[in-house]
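These notes concern the structure reproduced below.
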Protein chains: 4
Amino acid sequence: MTVAEKAGLPVSRRKPAGRKSQQRVKEILQAGRDVFSERGYERATTAEIAQRLGISEATVFSYFRGKRELCARVIGDWYDEIIDAIEAGLPRDGSVRQQFAFIVRMHLRLMLVNGTDLCALVLSEGRARHHELSEALTELQRRYTAPLMRVLAQGQQSGEIRADVPLRLLRSMVFGPMEHVLWDATLTNRQIDIDATADQLIDVLWAALTPPDLALSALQRFRMDVAEASRRFDEASAARREKND
Amino acid sequence: MTVAEKAGLPVSRRKPAGRKSQQRVKEILQAGRDVFSERGYERATTAEIAQRLGISEATVFSYFRGKRELCARVIGDWYDEIIDAIEAGLPRDGSVRQQFAFIVRMHLRLMLVNGTDLCALVLSEGRARHHELSEALTELQRRYTAPLMRVLAQGQQSGEIRADVPLRLLRSMVFGPMEHVLWDATLTNRQIDIDATADQLIDVLWAALTPPDLALSALQRFRMDVAEASRRFDEASAARREKND
Amino acid sequence: MTVAEKAGLPVSRRKPAGRKSQQRVKEILQAGRDVFSERGYERATTAEIAQRLGISEATVFSYFRGKRELCARVIGDWYDEIIDAIEAGLPRDGSVRQQFAFIVRMHLRLMLVNGTDLCALVLSEGRARHHELSEALTELQRRYTAPLMRVLAQGQQSGEIRADVPLRLLRSMVFGPMEHVLWDATLTNRQIDIDATADQLIDVLWAALTPPDLALSALQRFRMDVAEASRRFDEASAARREKND
Amino acid sequence: MTVAEKAGLPVSRRKPAGRKSQQRVKEILQAGRDVFSERGYERATTAEIAQRLGISEATVFSYFRGKRELCARVIGDWYDEIIDAIEAGLPRDGSVRQQFAFIVRMHLRLMLVNGTDLCALVLSEGRARHHELSEALTELQRRYTAPLMRVLAQGQQSGEIRADVPLRLLRSMVFGPMEHVLWDATLTNRQIDIDATADQLIDVLWAALTPPDLALSALQRFRMDVAEASRRFDEASAARREKND
DNA sequence: GATGAATGAGATTTCATTCAT
DNA sequence: AATGAATGAAATCTCATTCAT
């Protein structure tokens, strides 16, 4: 049972009994993935999906209840892939930082490998609160971010990750830049060095996640105290001089 | 002259000479803002926009050349508002961190005040590279991110912001989380304490932007300050002694 | 009273009392002539007509009951001009051939001077049996072709023009080529030497109109008789030879 | 391959594979022919075309990319019919006059058989240089007039057709009256005796095309024929005499 | 006398979806 | 299992025309 199915997304019209049938479903899902990615939900047409497979539109509709359902399956499957890959490869025994790095790197890699187009679909369609589609996706979103949340929580407990900021915000701190980087790359048609970018991102993000250096902040506070003392001393000296004149 | 006009977007079919006419334009822009936000570009209909104002569709088309242009104006105006507000209020004489904080806080505030729906529109439509709309928006995007880029570059030169990471990535580090936070708030229908969130975000982001070895440089500066204070203290002591002699 | 008025075309909404008013009417008719010519009836818009004059559409409608009426006036006025020019200049005392030549030359000249565009309008719109407009134009057509018909009839009586063909057909023989030449010039964007073309056309047309040379046709018939006799002689010779063999 | 296809006109959205499909295409083309003829391009509506067939508008659009293309096909097919009929029946071995007569007669007949309405469409729409439609028709026009041009050129070389006038003008001399006659018949709703009219037209036109000095050359040829006959008679007489000797 | 503003009535076109075969 | 054929429903956009000011 896939994640999509667990999330309660409606699936198909016919029971995909035969092996041939399952093959067809796969083909349609792939074509759907391509077309939805390239055009976005609204501008994608069932006609084009069928045409790419050289089959008739009617056939598509005999495997999926409709355009919306097909799109839901496409997005659901994409989530499944990522979630499975992350869950499978996550070094649960590694350090918090190692696990964090793995998640970020893996995400970036999977998103790019799948083509940023698909990512764009998920982002802009999955997020648009418009259609009913989004309801079913909320659960997927949860599962999708679950590994990161777990690691962050673990880090907060162990003191490796700052706890003075809500987890929800930290999650935005991690996913936000990743998505933004991908948008950027997609929109400007820029090829990015996936691993180098991942390393930089991990580095910068980690700096944001770790607790502010206590020693450093204490030092800063002390430094300010000294500066203040120095200023007061100068003022006092000046005042005394005036009085003596 | 608005940013939209500068960007060369076609504007209206009818000359908005009269005061009444200008009022209508405003009304339609407002209704358009609402509908486009709520539904997204494709699912928004000119019929609904007209209906909300209690006017006929034809009237909408007599003020705007078409749906696309209306949407462009809606988005363009939104950009204008934000760009103008940032440019006007930016404390150019303040420290890098002050300017940075202003930009982040202002962005969040404006995005939320305008309704995250609109923000969603700009994000998902302005970014979908499908339609021609996006062409006209590239310049707006540039102007929109210009203040932040300026401040970041300034900070890199002064050593306050890490220079070992491309500006482009740092930009994603800043805008990404902001947008993600807003998505989050919108999708989960959660009210967020705007100023508290801004403060937290600024704090966390700044940690990411700061050069990793800032602790050392801070210590060095502190030593110099102490040495200076010590020198002034000695001078003062010497001076007083002379006077007493 | 113009020809158009005589033909019963509806004219204007308001009484054009003042001199200023009459000036307006003229301006609108001129702009209408331009736009209808350039675009054809259906593709012409009242908006463009008004715009070219820098006035509002509403003003056009306060001088003319509607688009159809305006177009009818434009076409009617064009007919008036041509009819008047022909009737005024026709050398009624000249020979049939002189009058014929005058009519053809004048027509070509007026059509081209007015721009073939206008001619195209009259031809394709005036002729389209579609709209009610055409009804009113039938009478104009009659008056328009009247001078030629008169001359042709006169020629038939005097024996200068062949009478073995209906007048109606001869009329088509004259107007058909003229219009075709103009279409041709317009469509291929070819400048034509108006007077040279007129001379050639008159020459060729006259050859078609004059009675078939009786002497010549008698000659031809005689020639055929001789040829036939010759053939029969050859056959007879051949037959005789075979018999003798 | 039809002329329309050769001209590169886009054809249909759906592949007309099945027999039923081809039937539908024919039906729509026929209905289109009717409606476009009756109303002209602009006033014809896809709604009416569909309605006459008792099908939905959407069906029309699933066989033709749009109104423009449908009209192009209608006109293109009409040209095809005429061109094919002329090319197929043209007596290439006949005299110039025979070929000329065939072309004129055939044209008139086909134009009338197809209904002068259609002819009106082609004339007024195909010629209106407004829309893009006309571009595709230029080539058809060329092919359409090609046979006549060939015959005229041939006649000019053999001296049977006057060469002191440009071919282009002679072409107008031929097509102009034909079209005018048809207009006339259509507008006045007059039934015309097609063959009688054709004969008259051919007769009159031929008089216009013949070199003005044909009487002289006919006479010369007659003299030569007589001389030849005389010579053969002498020979025959001589031969008989020899035999009798 | 002129017009700013508004609109009713279409026209073309698109597309997801159904159903008999 | 597949599809050819058809379509309902809607969306964008155009334009002649009206009318209060």
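Note that the structure is a prediction, hence the values are computed from the model and not measured. The sequence lines fix the lettering, A, B, ..., with proteins before strands; numbering per chain opens at 1.
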F/dA6 OP1/OP2 closer than 4.0 Å to side-chain N/O of D/Ser62: no
Phosphate-side-chain proximity, D/Ser56 and F/dT7, N/O vs OP1/OP2 below 4.0 Å: yes
Restricting both atoms to N or O, compile the protein contacts to nucleotides 9-12 of chain E shorter than 3.5 Å, with distance only.
| unit_1 | atom_1 | unit_2 | atom_2 | d |
| --- | --- | --- | --- | --- |
| E/dT12 | OP1 | D/Ala44 | O | 3.4 |
| E/dT12 | OP1 | D/Lys67 | NZ | 3.1 |
| E/dT12 | OP2 | D/Thr46 | N | 3.1 |
| E/dT12 | OP2 | D/Thr46 | OG1 | 3.0 |

Interatomic distance where CD1 belongs to B/Ile49 and P belongs to F/dA11 [whole Å]: 12 Å
Whole-Å distance separating the CZ atom of C/Arg39 from the C1' atom of F/dT14: 15 Å
Rounded distance (Å) that lies between atom P of E/dT13 and atom CG of D/Leu70: 10 Å
Nearest-angstrom distance from the residue atom CG of B/Leu53 to P of E/dA5: 16 Å
Salt bridge (Lys or Arg N to Asp or Glu O under 4.0 Å) involving C/Glu57 - partner list, sequence neighbours excluded: none
OP1 or OP2 of F/dA6 under 4.0 Å from side-chain N/O of D/Arg24: yes
Separation of atom CD1 in B/Ile28 from atom P in E/dT7, rounded to whole Å: 10 Å
From CZ (B/Arg33) to CD1 (B/Ile75), nearest 0.5 Å: 10.5 Å
side-chain hydrogen bond (donor to acceptor under 3.5 Å, both in side chains) against B/Gln51, all qualifying residues, sequence neighbours excluded: none
Candidates E/dT7, E/dT3, E/dA5 - which lies nearest the side chain of C/Ile55: E/dT3
Less than 3.5 Å apart, which donor and acceptor atoms pair up between the side chains of residues 23-31 of chain A and the rest of the protein, not counting sequence neighbours?
| unit_1 | atom_1 | unit_2 | atom_2 | d |
| --- | --- | --- | --- | --- |
| A/Arg24 | NE | A/Glu27 | OE1 | 3.1 |
| A/Gln30 | NE2 | A/Asp34 | OD1 | 3.2 |

Set of residues satisfying side-chain hydrogen bond (donor to acceptor under 3.5 Å, both in side chains) with respect to C/Ser56, sequence neighbours excluded: C/Thr59
Side-chain N,O (D/Ser21) to OP1/OP2 (F/dG4) below 4.0 Å: no
Gap separating the CZ atom of B/Phe64 from the CD1 atom of B/Ile49, nearest 0.5 angstrom: 9.5 Å
Short side-chain N/O contact from B/Tyr63 to OP1 or OP2 of E/dA6, under 4.0 Å: yes
Dot-bracket encoding of pairs in DNA chain E, which uses [ ] for pseudoknotted crossings and | for another strand, Watson-Crick or G-U under 3.5 angstrom: .||||||||||||||||||||
A/Phe64 CZ - F/dA2 C1' separation (whole Å): 16 Å
